[in-house]
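Here is the structure we will look at.
Values below: all heavy atoms of this structure, side chains included; hydrogens, waters and symmetry mates excluded. Numbers for residues simply follow the sequence, beginning at 1.
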Amino acid sequence: MSNEKATRKSTISWLAEVTKKYLVVLSLFSTLLAIPVGFYFNKAIVSNKPLISNTVLVLAFLTIFPSMIQLKTEGLLKSMKKVKEIILSLLYVFIVSPLLAFLIAPTLGDPHIGVGYVAANVVPASSASIGYVLIAGGSIELATVLAVLTLILGIPLIPILIGMYSSSVSISVPMEPIVNSLVEVLVLPLILGQLTRYILLKTKGAPYVDKTIKPHLSLATMLSMLVLIFVLVLNQAMTIINKPMLALLIIVYQSIVIVALLLVSTVISKALKISYEDHQALAMISVTKNQSVAAAMATAALGPQSALAPALIPIIQPVLAIAYLNAESWIRKFLKS
């Protein structure tokens, strides 16, 4: 490797590490910057809704595609034998989380924002979820199985769950845009990402895919996510300024949901004698959600005004996930006791 390439690689690795370390702070900065910019350019934003919707879809794709290259689907059959953990994850993702969202969403007032909140809680794991599992010393193999299963099952189930809630509040939500956005920001990145991974494995080898380009992919995901948060909040600036308590309420509600799910999953894992490694995979994949997908769906179906929850949740979700990971010693003792 030439000195120039080595320097470039070390620079990218450093940038990826710094961005990851300060991701929560950068997310907050992106949010705070977008509010005054959105206020100042409000007229231009209102007159360019289609452009914003398309930008959200593109950024959602760019956020998810790199993680799909890193998704290891080789050797999944071994972890498929962990039926107990798989069933629990599916219950948390497609029953418990939607039920909590169904109860909370009507209290947000605007039914469009409520549908967006439901969308934010029925989507599969976030691109950072497997990273959380890795940091926690959890089972990456089980995490990958759960991520793939919830992603695949989410394609038919997510439109059904959103349709159930929207009909209960008498709001018409066209299913075609939701399905189309799922294809664009979940199915397409998955197919292209795995195809890219296969080609790179064949031409460059596993070390290149899993180590050499990992910092590049991680940095691309995080930067795309930060820009996506900026665009989402930019579009929601007037709502946040005019209804600050609503924005705060969404953050508080989601904090309660995440903490409750983490605590319940911990207690259940102890009762069922699930190991610490498997529990962390189960908890992180089941509780953290891919808000890029939620934003794309809400925007495609109802317009950018419905994406307030997916715009705000990335501020608090990583904070609570990292706080839970910092309780590693307590969780280990609790699950072994």
Are Val259 and Trp330 connected in the hydrophobic side-chain network, where two residues link if heavy atoms are under 4.5 Å apart? yes
One pair to check against side chain to side chain contact (heavy atoms under 4.5 Å, CB included): Leu261 and Val257. What are the steps and the verdict? CA-CA 6 Å; Leu261 284 172; Val257 168; 3.9 Å; yes
From CG (Leu33) to CG (Leu226), nearest 0.5 Å: 11.5 Å
Rounded to the nearest 0.5 Å, what separates atom CD1 in Ile86 from atom CD1 in Ile285? 12.5 Å
Taking atom NZ of Lys82 and atom CG of Leu282, what is their separation to the nearest 0.5 Å? 11.0 Å
To the nearest 0.5 Å, atom CG of Leu32 lies from atom CD1 of Ile240 at 9.5 Å
Group every Ile, Leu, Val, Met, Phe, Trp and Tyr by side-chain heavy-atom contacts under 4.5 Å, then state whether Leu108 and Met164 land in the same group. yes
As an exercise, state the distance from OG of Ser275 to NZ of Lys273, rounded to the nearest 0.5 Å. 13.0 Å
Show, in sequence, the C-alpha distance, side-chain angles and deciding distance for Phe39 and Ile35, and conclude whether the side chain to side chain contact (heavy atoms under 4.5 Å, CB included) test is met. CA-CA 6 Å; Phe39 174 78; Ile35 292 173; 5.7 Å; no
Main-chain N/O of Leu262 paired with Thr266 side-chain donor or acceptor, under 3.5 Å: yes
When you look at NZ of Lys84, are more than 12 heavy atoms from neighbouring residues, nucleotides or ligands closer to it than 6.0 Å? yes
Go through the steps to decide whether Thr107 and Tyr253 satisfy the test side chain to side chain donor-acceptor pair (under 3.5 Å), and finish with yes or no. CA-CA 10 Å; Thr107 68; Tyr253 277 157; 3.2 Å; yes
Among Leu149, Val148, Thr150, which residue meets the side chain to side chain contact (heavy atoms under 4.5 Å, CB included) test with Ile152? Val148
N/O donor-acceptor pair under 3.5 Å between Lys204 side chain and Val209 backbone: no
Ring pair (Phe, Tyr, Trp, His ring centres under 6.0 Å) against Tyr276, all qualifying residues, sequence neighbours excluded: none
Between Leu51 and Leu59, is there a shared hydrophobic cluster once you connect ILVMFWY residues whose side-chain heavy atoms come closer than 4.5 Å? no
Derivation of the side chain to side chain contact (heavy atoms under 4.5 Å, CB included) call for Ile213 and Leu200: CA-CA 10 Å; Ile213 65 168; Leu200 289 175; 3.8 Å; yes
Is Ile95 reachable from Ile87 through a run of hydrophobic residues whose side-chain heavy atoms are each under 4.5 Å from the next? yes
Does Tyr324 form a side chain to side chain donor-acceptor pair (under 3.5 Å) with Gln280? I'd like the steps, not just the answer. CA-CA 10 Å; Tyr324 186 74; Gln280 288 290 22; 4.8 Å; no
Measure across Ala281 and Leu146 and return the closest heavy-atom pair with its distance rounded to 0.1 Å. O-CD1, 3.9 Å
Identify the heavy atoms of Ala119 and Val123 that sit nearest to each other, and give their distance. O-CG1, 3.2 Å
Pairwise side-chain contact, Val122 with Tyr165, heavy-atom cut-off 4.5 Å (strictly under): no
For the hydrophobic clusters of this structure (ILVMFWY residues joined by side-chain heavy atoms under 4.5 Å, transitively), does one cluster hold both Val287 and Leu153? yes
Note: Ala120 and Ala309 closest approach over all heavy atoms is CB-CB, 4.4 Å
Validation row: Val118, Pro98 side chains within 4.5 angstrom (heavy atoms): no
May I ask you to decide if Ala44's main-chain N or O and Ser47's side chain share a donor-acceptor pair within less than 3.5 Å? yes
Contact list for residues 88-97, test side-chain hydrogen bond (donor to acceptor under 3.5 Å, both in side chains), sequence neighbours left out: Ser89-Ser286
Does some side-chain heavy atom of Ile268 sit less than 4.5 Å from a side-chain heavy atom of Val264? yes
May I ask you to test the Leu192-Phe61 pair for a side-chain heavy-atom distance under 4.5 Å? yes
Less than 4.5 Å apart, any side-chain heavy atom of Ser255 and any of Leu320? yes
Could you tell me which non-hydrogen atom of Ala105 sits nearest to which non-hydrogen atom of Gly114, and how far apart they are? CB-O, 3.5 Å
Test side chain to side chain contact (heavy atoms under 4.5 Å, CB included) on Glu277 and Arg332; report intermediate values, then the result. CA-CA 9 Å; Glu277 291 75 18; Arg332 283 186 183 274; 3.6 Å; yes
Going from CD1 on Ile69 to CD1 on Ile199, what distance comes out if it is rounded to the nearest 0.5 angstrom? 10.0 Å
Residue among Ile274, Val96, Asp278, Val83 satisfying side chain to side chain contact (heavy atoms under 4.5 Å, CB included) with Leu88: Ile274
Taking every heavy atom of Asn290 against every heavy atom of Ala125, the minimum-distance pair comes out as CB-O, 3.2 Å
Minimal heavy-atom distance between Val37 and Phe230, with the atoms involved, is CG1-CZ, 4.2 Å
Is any side-chain heavy atom of Val93 less than 4.5 Å from a side-chain heavy atom of Lys289? yes
Asn121 versus Leu100: any side-chain heavy-atom pair under 4.5 Å? no
For the residue pair Thr55 and Leu228, establish whether any side-chain heavy-atom pair is separated by less than 4.5 Å. no
